[in-house]
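To start, the structure under review is shown below, and the notes come after it.
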Amino acid sequence: VQRVDGVWPLPQQLVQSSDRDPLSPLLFSFTYGTDSAAQTGCSVLDAAFNRYFSIIFPDSTTASGNVLRSMWAEPQPFVVSVSVKTSGCDGYPDEDSDESYTLSVSEGQAVLRSVTVWGALRGLESFSQLVYQDDYGSYFINKTEIVDFPRFAFRGLLLDTSRHYLPLHAILKTLDAMAYSKLNVFHWHIVDDPSFPYQSRTFPDLSKKGSFHPFTHIYTQSDVMRVIEHARMRGIRVVPEFDSPGHTQSWGKGQPGLLTPCYKGGVPSGSFGPVDPTVDTTYKFMESLLKEVKFVFPDTYVHLGGDEVSFACWQSNPNVRKFMEKMGFGKDFTKLESFYMESVMNMTAALNRTSIVWQDVFDYHERIPQDTVLEIWKGAHYQAELSRMTKAGHRVLLSAPWYINHISYGQDWRNSYAVQPQNFSGTEEQKKLVIGGEVAMWGEYVDATNLTPRLWPRACAAAERLWSNEEKTLNADLAFPRLEEFRCELLRRGVQAEPLFVGHCKHEYD
Ligand SMILES: CC(=O)N[C@H]1NC[C@H](CO)[C@H](O)[C@@H]1O
């Protein structure tokens, strides 16, 4: 069975020959090149060698004997030698990490070269997709030359663990599948209106009172550390989002006085609105929370949210109205929201972290710190938003066309595949400010029962758009057989990815 361009996302340059090499798990090994700055003991690559050995030869521990006997050609030893220029095995991937690599597969050996261990991980993933089995179960790999690097540096996936709690295994499984598609940022929308599952060490009542259940539906500090390490081992960044001032109903349960009391008929109605921006305690609380976030999450970016703030409750509250007058905001509540967001973005900068915020903050706000990244999520006219934001000199992330929590009948992956993030009117300088994009899987109708088939392989379409060369991946019909095959590979790897259309896989999901 000849692999059709057997790597998803498509590498920048891939040349395959029909010469093929039989592989045997007993005679196969990963090694560090003699010139490699990373050698045995490099946490990320040692683990990756083991992980990819099991991915390539899943049954190697059991059926090794008959695999060897069933081979027609006597297999020779096959060595994959990996050389990285810089070590940095114990660090974290970041926005500047070089993910490029070259991979040369010839008789009996493959040479993988990269600048960083993160690039080596991308090369190992591509290598693992080049190995295939014939109908008798023998393993083969074709002579191949790859030169590869990502088109965009920020290739994200958002999970929402507030609308439904996602058990740790579901998050870790998603990180595995992200790595298979070279997605490299896990945007953890960890809390929201319905529940606060993050167990804060500074404010333990937030999850004690605000989670769906204080023992079973929380993320302890060790859970969070496991997610971060699992991600690091796969070259994936973890960007936490603590969305405010809106989407904070669950925060009020564990932090009395934080939310604005809404009024009805001149008296408190008993319901609460966005965070109360008129009292100093709010800013003290946010400062403490963000300080904790800085120490728990190593990534240099923090997502501060800022989306969908409704003004009705603020408007109903006499203290807020008084504050507005004092501040000279008149009746313009966008000025109040700007005042709040500016304070929180400044706190974040003071903590030496860079902010990401939803597009709402830009839409109603004049001044935003220049290095703040803006995330576009509103479907209507996102190209105009791309133009406006990059014209203002901001780096942007495109998520709007990749809200794949929205489902429909048919091959909607083609819509994701057709997105061109730099297709907007602007200068080359402006186009460069598009640092990447993000697939979103919001949780209103998603939990661990349907997360994986709803995510995969549909998220793979955006993953190729974000990694591959634009000109070489314009045609969804040409991509279809490749994605079909990659979806079967996901099944083989134990990822319950749904089918694209009619057909079958050698390894169905059992
Ligand atoms: C930034 C953003 O997307 N905010 C909300 N918009 C609709 C989403 C569902 O599609 C979620 O409810 C999300 O919380």
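Atoms within a ligand are numbered from 1 in the order they appear, just like the ligands themselves.
Between K431 and E428 there is no salt bridge, since no side-chain N of the basic residue sits under 4.0 Å from a carboxylate O of the acidic one. Using a cutoff of 4.0 Å between basic side-chain nitrogens and carboxylate oxygens, R151 and E464 are not scored as salt-bridged.
Legend: residues meeting ring-ring contact (aromatic ring centres under 6.0 Å, His included) with F339, ordered by chain and number and at least two apart, are F323.
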For each nitrogen or oxygen atom of ligand 1, which protein N/O atoms lie closer than 3.5 Å, and how far apart are they, rounded to 0.1 Å?
unit_1, atom_1, unit_2, atom_2, d
ligand 1, 3 (O), Y403, OH, 2.6
ligand 1, 4 (N), D307, OD2, 2.8
ligand 1, 4 (N), E308, OE1, 3.4
ligand 1, 10 (O), N405, ND2, 3.0
ligand 1, 12 (O), R163, NH2, 3.2
ligand 1, 12 (O), E444, OE2, 2.6
ligand 1, 14 (O), R163, NH1, 3.1
ligand 1, 14 (O), R163, NH2, 2.8

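Screening residues 433-491 for disulfide bond (SG atoms under 2.5 Å apart), with sequence neighbours left out, gives C488-C505. Pairs engaging residues 250-267 under the side-chain hydrogen bond (donor to acceptor under 3.5 Å, both in side chains) rule: T260-W314 [sequence neighbours left out].
Relative to the ring axis of Y180, R493 places its NZ or CZ within 45° and under 6.0 Å from the centre.
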